[in-house]
Amino acid sequence: MPGPARIGRGLLTDGDRPVGFRFDGRELTALAGDTLASALLANGRRLVGRSFKYHRPRGVVTAGPGEPCALVDVIGSAGREPNQLATTLVLREGLVAESQNRWPSLSVDALAINDLLSRFLPAGFYYKTFMSPGWAWERLYEPLIRRAAGLGRLVAPAVEHPAPAETVHDHADVLVVGAGVAGLAAAHRLGACGLKVLLADQDVTLGAGALLEARAIAWREQMAAALARLPTVRWLPSTTVLGAYGHGVFGALETLSPEAEARFGGLRERLRVIRAKRVILATGAPERLIAFPGNDVPGVMLAGAALGYLRRYGVAVGTRPALFVNNDEAYEALFALHGAGVRPAGVIDPRPQSLAMERARSLGVEVHAGAVVASVAGRRAVRGVSVANVGGGHRATLRADCLLMSGGHTPSTALAAQLGAPLKWQEAIAAFTADLAPAVGSVAGAARGVFGLAAAARDGDAAARAIATDLGRAVNSAIAIDLPADPAATPLAELWEVSAPGKAFVDLQNDVTTADVRLAYREGYEHLDHMKRYTTHGMATDQGRTGGLTGAAVLAKARGVPVSRVGALKPRPFAQPVPFAALAGGEVGEHFKPKRRLPLHDWHEAAGATFVRAGLWLRPLVYSGSSGWEPVLAEARAVRSAVGITDVSTLGKIDVQGPDAAKFLDFVYANTFSTLAVGRARYGLMLREDGLVFDDGTTARLAPEHFLVTTTTVNSVAVLEHLEFHLQTVCRELDVLVTDVGDHWAQFAVAGPRSREVLERVVTGVPLSNEAFPFMAAGAATIAGVAGRLFRISFSGELAYEVAVPARHALEVWSALIAAGKPLGIRPYGLDALNTLRIEKGHVTGAELNGNTTADDLGMGRMLKASGDHIGRSLARRAGLLAPDRLQLVGVRPVDATRRLRNGTQLVAASARSTSLGYVTSSTPSAELPGWVGLALVAGGRARIGERLLGVSPVHAETTDIEVVSPHHADAGNTRVRA
Amino acid sequence: MVIVGGGGHGLATAYYLATRHGITDVAVVEKGAIGLGNVGRNTTFIRSNYFHPDNIRFYEFSLQLWENLERSLNFNAMVSQRGTLNLFHTEAQRDLFARRANQMRLLGVDAEALGRDAVKALVPLIDLDNGRYPVLGGFLQPRGGTVRHDAVAWGYARGASEAGVDIIEDCEVTGITRSGARVTGVETTRGSIGAETVCLAVAGHSSRLASMAGVTLPIETHVLQAFVTEAVKPVLDVVLTYGPSHFYVSQSDKGGLVYGGALDGYNTYGQRGTLPMAEELAACAVTLMPGLARLKVLRQWGGVMDMTMDGSPLITQTPVDGLILNGGWCYGGFKAIPAGGVTTAHLIAHGSSHPLAAHLGLGRFAAGRTVDERGVGPFPWTH
Amino acid sequence: MAIGVCRLDLTELAVLRGHAADLPAVARSGGVALPPTGRVAVSASALVLSVRPERWLLLTSPAAAGAGAAAWSERCAGLAAVIDHSSGLAALHLAGPSAREALARGCRLDLAMDAFPPGHAAATSMAQVATILAALPSGLLILTPASTARHLHEWLMGAARPFGLAPLAEITVSTFFGHNDP
Amino acid sequence: MLRIPCPHCGERDETEFRYRGDAGKARPAGDADIAAFATYVYERDNPLGWHVEWWMHVAGCRKLLKLVRHTLSHEIHAVLAPDAEPPFPPREQGR
């Protein structure tokens, strides 16, 4: 049996499989099935960490997920992972762990001087101290505090690819949280009724309390076997329900076993999103500490933890344990250790008498009734305890090497509280419980204060029966789930703290003492939430599970009110700290958001395109790998001088059909569409109801009752929703159907003076002369043999066509266009060149359609229809939207053509340099004119055309003389598009 | 006079009324305990990087007040000007940030453009080339940072109390009394209080309180979630924002990473978090900083935000004489506490807007002079 | 499990106001039956599914561009809008006992056999992408917008890997025709 | 997380829907004055309690639904067609 403290067989350990691990550089051996905590205890290691503030030596306190002290850094392929709970970390061969928050070593910690300074470091010390001299907080104190912050150290791994992660969606009739006796009984009953059950438990095994009491072992095994036979019950081991989110939704974290981890390619945890019609919260009642001086010395731990280490791992946490408890349940640890041959040092119990005390006496154990522990001898390990009478006065000194404490059990009410359940104070157990509304589910077993294994099982069964009936299932009363009867027990006596000199902790991780709580009260922080914030009580990784209520009780005492009046802290998710990786799931890094790819993505890639991420889309920016403007201008010049082709398939395309289609478009657009002839297209401007511009695009009338609306790439989703929303509300009486056809159509712009020649070589069935197919013509056409559509529209300002074909034919049509254009000098152009061309032409995009501009601001005020209702009509007429000093669209150019423009440059008058008159929205070196051209929004800008302003970009240390010009830098007469 | 709401703005308003205007006949009534609303549950950032010149001036005024706060309050609110770094991942974002930074600099406010190398040097955890949305650079406001939020409420409460203001806890306002178009006082769970002036500073509950006086506001109440991780040794020395998911994060002095993101997207008074948001923000965090993958998230919570229709706050008189509103803070109320207090106190004391808050009146909506930083229009859940 | 890529044409019929009662007969004349919302119907030449009220997607073997839609446009003139999605949606077919378990890694719907048996159809989002699911006797058919099809496919491969993944196969949609609902 | 029972698709996660705001307001007639439109566009009752609101099932049937939802408990009292009158007020519940 590896480890000197291993005294027997554990239920979870495999005595035939030793496992080697390393702690603080020491090679140690334990057994398969051990946790790091049980492995350290088996090896006689008591000291496992240092506390947060005072750097006091700390040991293992619990045997489960509520552990406040035994936190370690684990070093492995995932880097250095801080704050791992030794009490739940299942040991694996070769595990490397290090204690944390100590320097230079665990046994000699330089910062332990904080403990001696603690008279000057009470709770809330930040707010009142560290203030003088004035500069010192930021330059001296704060850096010092920050360096001392935190417990563990996070070091990222040196791997390139993120570890696998996944989120699984689950559905059940009933979620049973907790696989202790109540949960087991409930799951069994529900499964027997044919209900779909998820049984989630944070432990690696079924049973919880049943594991700990010998008389329940057989029952547990029967139950486990029965559950395995029920096809609708699924047990999720090592799964913590993190939070209850309402509407039957729960989040849970499943930690994978080594076998499952291997199968899922190294997956360590998975997040489960569980949806259930009802929930049974059988979450148990963790044991709580008692605040007495020295209750943090390594070797002081919860009594139930000692029982757990013995039963689960065969480890005796000491050779001479003392027991300091106020309830009969906690004596089980003593009886079990005694039964395993460990001789207890004695029992200290504040109650005058109890049944368990009698039994201890009958075993020959020294019992101090009506007594408390006044102090603990030893610093890095318990050496003895000093026993005092309840009313004061020294009674005895016990030689002991560990002290098992229990201040009672505090039902886990977090999930119930998150579901809105009010908390009720239960005098008998000195704790709060909560009940759920029947439509939500119920709380069962110790979680609602029902102690005793048989009683809890009956309670779980009753809860399950009620839910099964509620869900319309017949309940078979023949199923028996009875356990051996619970032994009689004497009720607990409330005991929260022992008043005696020395630090008595209520929050072991955050180093909050009873004195801190009283200080907070004296300073005026008497609300529980204020005390928590002032002292940080309950805010550590264990969320106050062992001492939260104890701290509240100390505050209650200071205030002179019952604990029930002080209340409880609002328990927020998560029930257990969750790694970012597990919450994030698999859609991270490259897959953080879906990538929308063009139908010709592969072609663009092969052609050497640099892609830009535009929302979800990947779009060719320029067909060159090199940066700089030259390749962009070469593409743009091809369009200006000959012909170019660009992929505009990202534009939103919405099919609008129905008898009222024209009427509908008249309402959603600020300009008129009912007058548009079939076979024609028109530029349209959509406003929001507040009168500002929402989106623009070209809409074509394909048939009397059939339109195709195009939207900007970035607004395609929003415009579709906007149309659908209005069709189902304000326009409900209209007979119109709108359908997204964005992905169906690949669309290419062929632009440039020679574009007609290109089209003439591939388009059949449509004469392309200027007369037959003039500017803004639209219609069906056959392109390279593919049935598609042709539009004579232009964003570049050149003679241009847009070709639309079903995306599966994109490559053949695109290739045919390029082949046809080759003799004419066609070249593909990307988004950058497109942008250059449209800026030269004075066309707007998102930089100008920025949600704060009106149609008039953009120079399109005359487009608004004179009569008839449309979205945004009324509020567009507000005074503020008509003011003459509004920012209006203009063109800008540097006076010195060798200077560049920069987007975001502010424009000011030379005489008032701190007053912004506007800013540059878009800019580019021109393909047509010498130097740079840009667009800007300038206060009263149209009236300033011809003026000079200063362009200032202080973040680039640039100042440029700017000339305000018309936004139409190229072809102001608009003759090319009509050529 | 009565100030409803013992949060940051209510307490600051009371403090400045007493200390700057000598008005001490003030009662702050709070339905629970002071400082437990949004001031006690936010992510504590301070900054003055805005687009609108009027907003820059207002928030810069606030930032300057923060810089001198511990002196004036004799209480260390742990103001930490570690810098606010806005990352950009598209050129469009870069242009917007540049425009904003230049506007700030015109007004004498600090702002700097950082290249990729400088970003990486400042935040070594960042994966600049994260595959989906590579970081192209950042804009830094060096004087931005964090403040210890609880200390703000406590400091102002102490200051106001010492100056003679009454702070009444566990006192919920159940009605606002009027005589014609004039406010006459409030009814509370602890009795009626007569007052010539009633100031509402109740954040997410602004609509509810205003409706007691028959006033409907351009406000919807939405939840904003926040998260904190376990404490670790320092890994992040700046307040960081990253566009996708509106992710923002900083590391507290105690060692926990405090972070959050966008609104849930529908109105609610429930101060709680949701799972989809927890997943989304974690994915964003791991995408931006893969080294955080094994860091553990401790808690999630929510605060209810008084979202206006243009995303900017309201420091304003209302249609009811004597009823003053300090609200509509959206999720930016914390950083504005000192300026909100000063300008609201000014409005109460002088009956006219403080010059720095003149653009924050209720009349701007009907007049078409909204202050819409992001240009998203009257859809508060998208601000 | 096996992931197959399907080649098919998709035509959407969307009823115009007041003609819901007329459309089934017209559909029958075109050889298909129109199932209620949330269901799939199989005929000799098409799968028809509906995930939106008064709208149906007809899945047929690939033809010349727009040919299927054009034929239906004629048939439905005045009764329904006819929209060609043949290039707009991509189709994947998942077969094998683990397919539903693998999909639970991204699909928020209950895909248990009793909750989503063959004959059922649903629109939802999966891996942040819009999807239409149809349960067929052979497995699950997934329709997804063409522009995000590669993203979804990559995601599916990842989700399926732990369950064993058969090599990619191309499947013709006609394989499914004529298999009536169980 | 809300689970919204869509009448066309069944119960779905809130992530499939897009919130579209207060459904208790009607757009004024087209010739109404600016003040009427300003009230319609900007003012909100924003109740703590039952709220009638629009949700669009964008990832499902794309239908607009009218929900009656409690803004504190998030209980959904009714899911209606856009033109249905809400059964209002539902039973009040505690705050």
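Everything quoted here is computed from the prediction, not taken from an experiment. Naming: A, B, ... by sequence-line order, numbering from 1 per chain.
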Exercise. Picking from B:G377, B:A366, B:G265, B:P380, which has the most non-hydrogen pairs under 4.5 angstrom with chain D?
Worked result: B:G265

Exercise. Heavy-atom distance under 4.5 Å to chain D: side chain of B:T370, backbone, both or neither?
Worked result: side chain

Exercise. Say you draw a straight line from OH of B:Y266 to CH2 of D:W55; how long is it, rounded to the nearest 0.5 Å?
Worked result: 5.5 Å

For this session: Starting from the C-alpha separation in whole Å, work towards a yes-or-no answer on side chain to side chain contact (heavy atoms under 4.5 Å, CB included) for D:R44 and B:M309.
Result: CA-CA 9 Å; D:R44 299 286 192 277; B:M309 299 296 143; 3.3 Å; yes

Exercise. Can D:T71 and B:N267 be counted as having a side-chain donor-acceptor contact under 3.5 angstrom?
Worked result: no

For this session: Would you mind checking which part of D:R18 comes under 4.5 Å of any heavy atom in chain B, side chain (CB onward), backbone (N, CA, C, O), both or neither?
Result: neither

For this session: Step by step, work out the side chain to side chain contact (heavy atoms under 4.5 Å, CB included) result for D:H74 and B:R272.
Result: CA-CA 11 Å; D:H74 291 179; B:R272 53 184 171 254; 3.3 Å; yes

Seminar exercise, completed: What one should report as the nearest heavy-atom pair of D:L48 and B:H205 is CD1-CE1, 3.7 Å

Problem set entry | Portion of B:T268 that has a non-hydrogen atom of chain D nearer than 4.5 angstrom | both

For this session: To the nearest 0.5 Å, tell me how far B:T216 OG1 sits from D:E43 CD.
Result: 5.5 Å

Problem set entry | Rounded distance [0.5 Å steps], CZ in B:R208 versus CG in D:D45 | 14.0 Å

For this session: Take the angle between the ring planes of D:Y19 and B:W381 and call it parallel below 30°, perpendicular above 60°, tilted in between.
Result: perpendicular

Exercise. Hey, does the side chain of D:N46 reach the backbone of B:S207 with a donor-acceptor pair shorter than 3.5 angstrom?
Worked result: no

Seminar exercise, completed: Looking only at heavy atoms, the pair that brings B:Y269 and D:P47 closest together is CE1-O, 3.1 Å

Problem set entry | Engaged part of B:L275 at the chain D interface, taking heavy atoms whose separation is under 4.5 Å | neither

Exercise. Which value, rounded to the nearest 0.5 Å, describes the distance between D:H51 atom NE2 and B:E220 atom CD?
Worked result: 6.0 Å

